[in-house]
*Asks:* 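Can you read through this structure? Questions will come right after.
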Amino acid sequence: MEWSFQPAEKLAAALHAGEVTSAELTDEAIARIERDDKVINAICVPDFDRARAAARDADQARARGEDRPLLGIPVTVKESYDIAGLPTTWGMPQHRGYVPAEDAVQVARLKAAGAVVLGKTNVPLGLQDIQTFNEIYGTTHNPWNHDRTAGGSSGGSAAALASGFCALSIGSDLAGSLRTPAHFCGIYAHKPTLGLAATRGMVAPPAPALPVDLDLAVVGPMARTARDLTLLLDVMAGPDPLTHGKAHNVTLPPPRHERLGDFRVLVLDEHPLVPTGSAVRAGVNRVADALSDAGARVERQTPLLPDLAEAATLYMQLLVSGSVARFPIDAYEQLQTRAAGLNADDRSLDATRLRAMVLSHRDWLEVNNRRELHRHGWRQLFAEFDAVVCPITPTPAFGHDHHPNPLERRIDIDGAAYPYFDQLVWAGLATMPGLPATAIPAGQSPEGLPVGVQLIGPMFEDRTPLRLAELLEQKIGGFQAPRQDVLPTLGGLLTA
């Protein structure tokens, strides 16, 4: 039997029953990577020798009667996580030789759970793109169409899962970096509630791996089924043992409902600042129809919804001000001059981003206060609804665009061009207030590209959108392996 596209849950059952060994699973995964990854370019740092040794150890542990959550299951890890003995570069050439001595806390948790780490997956430069390419490791291609991006910044992990290279992967999300690649590649991902999973060791080189509470950014699981997301989140969840972990344990509440028909869902497919493309709108409606058919309460509008335009503005202010905080002084002064030259009436997202680059601490505190008001608004909304269904980006995967200045790139939405980073408004809807969001497949575009949507849930009630994802998977289907016979290669030829 070929195991490459089987869910981790099924692999765990097969390992437990003695139907397959971890060594066999690992060898099959490595063989597939060596055969197919020359074109996809998802695995940027292979670690096959240590993976085979870990697989042998897992088989011996199982023979002794051990049974850990991920014992013997092949996984990959986003390049941005520290793994002792492997480079951590974040795609930045100046850090090509940086090799940490310690595992990130999440890598340590994977290994403690018995996972077999096959290697690291590719990322964009500094993790700061919606695509995945960098000077060190090159470009990761979408397994559904090699002329399209796999998304970013966890694009390598999404492409690896869609290609059958691993059963699970871990990524991170600040601007949709888990959800967008999942949407583009047709897999599942979960952005946890802010602070639910410790992030130590997921830090740009050569900064020390400190137990810092990050703003906006989270780490989270990626998989080919919704149930596998829960399996991996249970391994990842919990505070850092160096800080909050000394006093707190995590006990997530159960999902609010176990039947699809019991859910109360708000469906959104329009944003005041950027249109939703027809293919993505169709995916949202496909999910909405499935919910209605199952008897769920589905609403399209509510006065409880926080203002979407203000939410996008607050998100851009928080995102951009944090991203440029360490810019050199001369660059900062240039940004101040450019921001001062803006028309006072210019309220576009481009203008918002530029002003955010030079936000004062006083102004940041005011933005943060506005965020708290939005969080309270979401608490009120989730007293009436269990989840929100909405887009992740306005379009399916777009063509590779390596223009050196992202601010000059454009995203095509049904034939009209929009600023490249405007597509982040949907990802920011959950990120700005720190809410959990599960990305699920929701069919395909007319071009045959995957289309995903996100299920946003109440803070620290991650199991509610995850359970809804499981039920929708049963209703509308889930991951489908890309058809290898129709994928164009880099030269435009057909692959076998």
Side-chain angles (χ1 to χ4, degrees), residues 173 176 178-180 182-183 188-194 196 218 220 226 229 253 255-257 260-274 276 280-292 294 296-312 314-315 371 373-394 423-442 451-473 475-476:
D173 194 310
L178 285 160
R179 293 162 286 163
T180 297
H183 158 44
Y188 290 81
H190 182 70
K191 185 199 89 65
T193 296
L194 180 67
L196 176 61
V218 300
L229 288 181
R256 291 187 175 186
H257 307 291
L260 201 56
D262 293 335
F263 277 84
R264 304 163 299 168
V265 180
L266 176 65
V267 174
L268 305 175
D269 64 0
E270 294 183 356
H271 197 284
L273 299 183
V274 66
T276 302
V280 169
R281 189 186 300 273
V284 172
N285 289 332
R286 194 173 296 119
V287 171
D289 290 344
L291 288 162
S292 294
R297 173 188 154 200
V298 176
E299 303 287 346
R300 293 280 183 163
Q301 54 188 346
T302 173
L304 296 172
L305 181 68
D307 182 84
L308 295 185
E310 184 184 39
L314 294 174
Y315 171 63
R371 168 166 52 184
L373 290 172
H374 274 251
R375 281 177 172 157
H376 185 63
W378 282 107
R379 282 191 287 269
Q380 293 175 310
L381 182 144
F382 283 122
E384 297 293 328
F385 294 92
D386 303 308
V388 174
V389 176
C390 65
I392 297 168
T393 72
Q423 63 186 301
L424 297 181
V425 296
W426 283 115
L429 189 61
T431 300
M432 186 271 289
L435 300 173
T438 306
I440 68 168
V451 171
V453 303
Q454 60 181 331
L455 315 175
I456 302 175
M459 184 171 281
F460 290 108
E461 294 190 55
D462 294 56
R463 296 199 190 283
T464 290
L466 285 166
R467 180 57 178 156
L468 180 57
E470 289 180 32
L471 295 169
L472 284 166
E473 184 176 12
K475 180 76 172 177
I476 65 174

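Note that the coordinates shown come from a computational prediction; the quantities given were computed from them, not determined experimentally.
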*Asks:* Does anything in residues 383-392 form a salt bridge (Lys or Arg N to Asp or Glu O under 4.0 Å)? List the pairs, not counting sequence neighbours.
*Replies:* R256-D386, R264-D386

*Asks:* Using side-chain contact (heavy atoms from CB on, under 4.5 Å) as the criterion, point out the one residue from L455, V388, L291 that pairs with V265.
*Replies:* L291

*Asks:* What residue pairs, at least two apart or across chains, pass side-chain hydrogen bond (donor to acceptor under 3.5 Å, both in side chains) with a residue in residues 424-434?
*Replies:* R179-T431

*Asks:* Can you find a heavy atom in the side chain of I456 that is under 4.5 Å from one in the side chain of C390?
*Replies:* yes

*Asks:* Using the side-chain contact (heavy atoms from CB on, under 4.5 Å) definition, which of the options I392, L268, V453, T276 pairs with V284?
*Replies:* V453

*Asks:* Does the pair L424 and T180 meet the rule for a side chain to side chain contact (heavy atoms under 4.5 Å, CB included), with working shown?
*Replies:* CA-CA 9 Å; L424 297 181; T180 297; 5.9 Å; no

*Asks:* Among all residues two or more places apart in sequence or in another chain, which pass the side-chain contact (heavy atoms from CB on, under 4.5 Å) test with E470?
*Replies:* A226, R227, T230, R467

*Asks:* Where the side chain of Q454 meets the backbone of A439, is there a donor-acceptor pair that is under 3.5 Å apart?
*Replies:* no

*Asks:* My understanding is that only residues two or more places apart in sequence, or in another chain, count here; which of them pass side-chain hydrogen bond (donor to acceptor under 3.5 Å, both in side chains) with R371?
*Replies:* D215, N368

*Asks:* Give the minimum heavy-atom separation between I476 and A290, together with the two atoms involved.
*Replies:* CG2-CB, 3.4 Å

*Asks:* Applying side chain to side chain contact (heavy atoms under 4.5 Å, CB included) to I440 and L472, what does each step give before you reach the verdict?
*Replies:* CA-CA 9 Å; I440 68 168; L472 284 166; 3.9 Å; yes

*Asks:* Side chain to side chain contact (heavy atoms under 4.5 Å, CB included) for L229 and T438? Distances and angles first, verdict last.
*Replies:* CA-CA 9 Å; L229 288 181; T438 306; 3.8 Å; yes

*Asks:* Measure across A312 and V425 and return the closest heavy-atom pair with its distance rounded to 0.1 Å.
*Replies:* CB-CG1, 3.8 Å

*Asks:* Check whether any side-chain heavy atom of Q423 sits under 4.5 Å from a side-chain heavy atom of V274, and report yes or no.
*Replies:* no

*Asks:* Once side-chain hydrogen bond (donor to acceptor under 3.5 Å, both in side chains) is applied, do any residues pair with H183, and if so which ones, sequence neighbours excluded?
*Replies:* T393

*Asks:* Could you tell me which non-hydrogen atom of A430 sits nearest to which non-hydrogen atom of A437, and how far apart they are?
*Replies:* CB-CB, 3.9 Å

*Asks:* Can R300 and D269 be said to form a salt bridge (Lys or Arg N to Asp or Glu O under 4.0 Å), step by step?
*Replies:* CA-CA 9 Å; R300 293 280 183 163; D269 64 0; 3.6 Å; yes

*Asks:* Could you pull out all residues at least two apart from D289 that satisfy side-chain hydrogen bond (donor to acceptor under 3.5 Å, both in side chains)?
*Replies:* none

*Asks:* How close do L304 and Q380 get, heavy atom to heavy atom, and via which atoms?
*Replies:* CD1-O, 4.0 Å

*Asks:* Could you measure the distance from the CG atom of D307 to the CG atom of L314? Nearest 0.5 Å is fine.
*Replies:* 9.0 Å

*Asks:* Listed by chain and number, what are the side-chain contact (heavy atoms from CB on, under 4.5 Å) partners of A282, not counting sequence neighbours?
*Replies:* R286

*Asks:* Excluding sequence neighbours, so at least two apart, what forms side-chain contact (heavy atoms from CB on, under 4.5 Å) with R379?
*Replies:* R375, H376

*Asks:* List for me each residue that meets ring-ring contact (aromatic ring centres under 6.0 Å, His included) alongside F263, sequence neighbours excluded, and say none if there are none.
*Replies:* H257

*Asks:* Over all heavy atoms of both residues, which pair between A294 and L260 is shortest? Give the atoms and the distance, please.
*Replies:* CB-CD2, 3.6 Å

*Asks:* Can you see which heavy atom on P458 is nearest to which on L435, and at what distance?
*Replies:* C-CD2, 4.4 Å

*Asks:* CE/M459 to CD/E461 distance, rounded to the nearest 0.5 angstrom?
*Replies:* 11.0 Å

*Asks:* Can you name the side-chain hydrogen bond (donor to acceptor under 3.5 Å, both in side chains) partners of T193, sequence neighbours left out?
*Replies:* D462

*Asks:* Does the salt bridge (Lys or Arg N to Asp or Glu O under 4.0 Å) test come out yes or no for E473 and K475, once each step is laid out?
*Replies:* CA-CA 5 Å; E473 184 176 12; K475 180 76 172 177; over 6 Å; no

*Asks:* Can you sort out the partners of L308 under side-chain contact (heavy atoms from CB on, under 4.5 Å), two or more places apart, ordered by chain and number?
*Replies:* H271, P272, L305, L429

*Asks:* Restricting to ring-ring contact (aromatic ring centres under 6.0 Å, His included), what partner residues turn up for F382, sequence neighbours left out?
*Replies:* W378

*Asks:* Report yes or no: does D173 contribute a side-chain atom to a donor-acceptor pair with the main-chain N or O of V218 at less than 3.5 Å?
*Replies:* no

